[in-house]
Novice: 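Got a structure here, written out as structure tokens. Questions coming.
Counting from 1, the numbers follow the sequence of the chain as shown.
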Amino acid sequence: MSRRALSMLAEQTLGRWAAGVGAIVLAVSGVFGGWEKAEGPPPTGPGVAIDGGTWTVTLHDARLVGELGPMKLPRKENHWLAVVATIEVKTDETRPISGVIQLPETAGIDNDEDGLTSARDVMLMRDATIISQLHPGMPEKVVFFWEREKNSPVPSELRLVVTAWEYRENSLTQGNEWFPNEDAYTVASVPVLDKRDATASASPTTGPRPTPSTTPTARPSGSTSPRPTASARPSS
């Protein structure tokens, strides 16, 4: 059975209950797919590979979106500021990525006291799952999410920081470790697209979960039923 047929069957069976992963991925792709390619981008703009020591980061754009897939808003009246990037880990070890891209003081964001704010969550584009790390040698397109207040002005560009790390000796342990290298942080700007209307229409509508029946249904005489399938901070 084709994926589309399976999706239709699930919809018929479960009605308005939570959509499957395929629908979520489709919604995510509709909102974040097809970003514009910049013609002759500046050194710190979209489409340029930025060396962060442990990783290479290529920024695409930023988008204002509503709830999407697993990304539920703690305050429903707000929206997400989502930064789309491709990241490749260059070390031999799996690396955490929540702090790869950070925001300097930004309107509408609950900014950290030190001036740089890490994303609340990071989502993997290809299957719409929330992740905390990436494996070496596997470039992945991801989305960083920050919650943003509803009445904040919509900027045309977003200023952000790509962090960098260096491998050096730890004076306490005498062993080599990865440390932030604030002198190598990169300040970049990306365009901001307002996609809140698109996410409002793309997000699956959820309803009450159907209650399984406890009353057995008699099978008509002679009938057969198919067997069910298992379904640093830079200077301002």
Novice: Applying side chain to side chain contact (heavy atoms under 4.5 Å, CB included), run through Ile87 and Thr56 and close with a yes or a no.
Specialist: CA-CA 6 Å; Ile87 299 177; Thr56 298; over 6 Å; no

Novice: Just do the side chain to side chain contact (heavy atoms under 4.5 Å, CB included) check on Val122 and Val143 with the steps written out, would you?
Specialist: CA-CA 6 Å; Val122 183; Val143 187; over 6 Å; no

Novice: List the atom of Leu103, the atom of Arg159, and the distance in Å for their closest heavy-atom pair.
Specialist: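 In terms of heavy atoms, the two residues are closest at CD2-O, 4.0 Å.
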
Novice: Could you give the distance from OG1 (Thr86) to NZ (Lys141), rounded to the nearest 0.5 Å?
Specialist: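 Separation between the atoms: 5.0 Å.
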
Novice: Measure the spacing between CG of Asp112 and OG of Ser118 and express it to the nearest 0.5 Å.
Specialist: 6.5 Å

Novice: Could you pull out the closest heavy-atom pair between Leu59 and Ala188, with the gap in Å?
Specialist: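 It is CD1-CB, 3.6 Å.
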
Novice: Name all pairs fulfilling the ring-ring contact (aromatic ring centres under 6.0 Å, His included) condition that reach into residues 84-129, sequence neighbours left out, sorted by first residue then second.
Specialist: none

Novice: Asn181 versus Trp165: any side-chain heavy-atom pair under 4.5 Å?
Specialist: no

Novice: Rounded to the nearest 0.5 Å, how far apart are OG of Ser152 and CD1 of Ile109?
Specialist: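 With rounding to 0.5 Å, OG (Ser152) is 7.0 Å from CD1 (Ile109).
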
Novice: To the closest 0.5 Å, what do you measure between CZ (Arg63) and CG (Leu68)?
Specialist: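 So the gap between those two atoms works out to 11.5 Å.
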
Novice: Out of Lys72, Lys76, His79, which residue meets the side-chain hydrogen bond (donor to acceptor under 3.5 Å, both in side chains) rule with Glu67?
Specialist: Lys76

Novice: Tell me every residue that passes side chain to side chain donor-acceptor pair (under 3.5 Å) with Asn78, counting only those two or more places apart in sequence or in another chain.
Specialist: Glu147

Novice: Kindly give the heavy-atom pair with the smallest separation between Val100 and Phe144, and that separation in Å.
Specialist: CB-CZ, 4.2 Å

Novice: Quick one: pull up CD1 in Ile97 and CD in Glu140 and give me the separation to the nearest 0.5 Å.
Specialist: 9.0 Å

Novice: Would you please name every residue forming a salt bridge (Lys or Arg N to Asp or Glu O under 4.0 Å) with Glu105, sequence neighbours left out?
Specialist: none

Novice: Does the salt bridge (charged side-chain N to carboxylate O under 4.0 Å, His left out) test come out yes or no for Arg168 and Glu166, once each step is laid out?
Specialist: CA-CA 6 Å; Arg168 58 179 172 82; Glu166 62 178 344; 3.2 Å; yes

Novice: Please name all residues satisfying ring-ring contact (aromatic ring centres under 6.0 Å, His included) with Trp80, sequence neighbours left out, ordered by chain then number.
Specialist: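 In terms of ring-ring contact (aromatic ring centres under 6.0 Å, His included), with neighbours along the sequence ignored, Trp80 is linked to Phe145.
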
Novice: Could you go step by step and tell me if Leu116 and Val161 meet the side chain to side chain contact (heavy atoms under 4.5 Å, CB included) rule?
Specialist: CA-CA 8 Å; Leu116 290 178; Val161 174; 3.9 Å; yes

Novice: Mind checking what makes side chain to side chain contact (heavy atoms under 4.5 Å, CB included) contact with Ala62, not counting sequence neighbours?
Specialist: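 Side chain to side chain contact (heavy atoms under 4.5 Å, CB included) check on Ala62 returns Leu81, Val83, Leu158, Val190, Val192.
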
Novice: Quick one: list whatever passes side chain to side chain contact (heavy atoms under 4.5 Å, CB included) with Thr173, sequence neighbours left out.
Specialist: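 Asn170, Glu177.
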
Novice: Where is the tightest heavy-atom contact between Pro191 and Asp61, given as atom of each residue plus distance?
Specialist: O-CB, 3.7 Å

Novice: For Tyr167, check ring-ring contact (aromatic ring centres under 6.0 Å, His included) against everything at least two apart and list the hits.
Specialist: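 ring-ring contact (aromatic ring centres under 6.0 Å, His included) list for Tyr167, sorted by chain: Trp178.
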
Novice: For Asp51, check side chain to side chain contact (heavy atoms under 4.5 Å, CB included) against everything at least two apart and list the hits.
Specialist: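 With neighbours one apart ignored, the set is Lys90.
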
Novice: Test Tyr185 against every option in Val162, Ile50, Thr163 by the side chain to side chain contact (heavy atoms under 4.5 Å, CB included) rule and name the one that passes.
Specialist: Thr163

Novice: Just to verify, what does Arg120 make a salt bridge (Lys or Arg N to Asp or Glu O under 4.0 Å) with, not counting sequence neighbours?
Specialist: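 Arg120 satisfies salt bridge (Lys or Arg N to Asp or Glu O under 4.0 Å) with no residue once adjacent residues are dropped.
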
Novice: Measuring from Thr106:OG1 to Leu160:CG, what's the distance to the nearest 0.5 Å?
Specialist: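 Between Thr106 OG1 and Leu160 CG, I get 8.5 Å after rounding to 0.5 Å.
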
Novice: Is there side-chain contact between Met71 and Ile130, with at least one heavy-atom pair below 4.5 Å?
Specialist: yes

Novice: Please list all pairs meeting side-chain hydrogen bond (donor to acceptor under 3.5 Å, both in side chains) that have one or both residues in residues 92-104, counting only residues at least two apart or in different chains.
Specialist: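 side-chain hydrogen bond (donor to acceptor under 3.5 Å, both in side chains) check on residues 92-104 returns Thr94-His135.
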
Novice: Just to verify, what does Asp194 make a salt bridge (Lys or Arg N to Asp or Glu O under 4.0 Å) with, not counting sequence neighbours?
Specialist: Arg196

Novice: Provide the closest heavy-atom pair for Pro104 versus Asn111 in the form atom of the first, atom of the second, distance.
Specialist: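 What the structure gives for the nearest pair is O-OD1, 3.7 Å.
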
Novice: How far apart are the closest heavy atoms of Glu88 and Gly137, and which atoms are they?
Specialist: OE2-CA, 4.0 Å

Novice: Sequence neighbours left out, what passes side chain to side chain contact (heavy atoms under 4.5 Å, CB included) with Gln174? Give chain and number order.
Specialist: Glu169

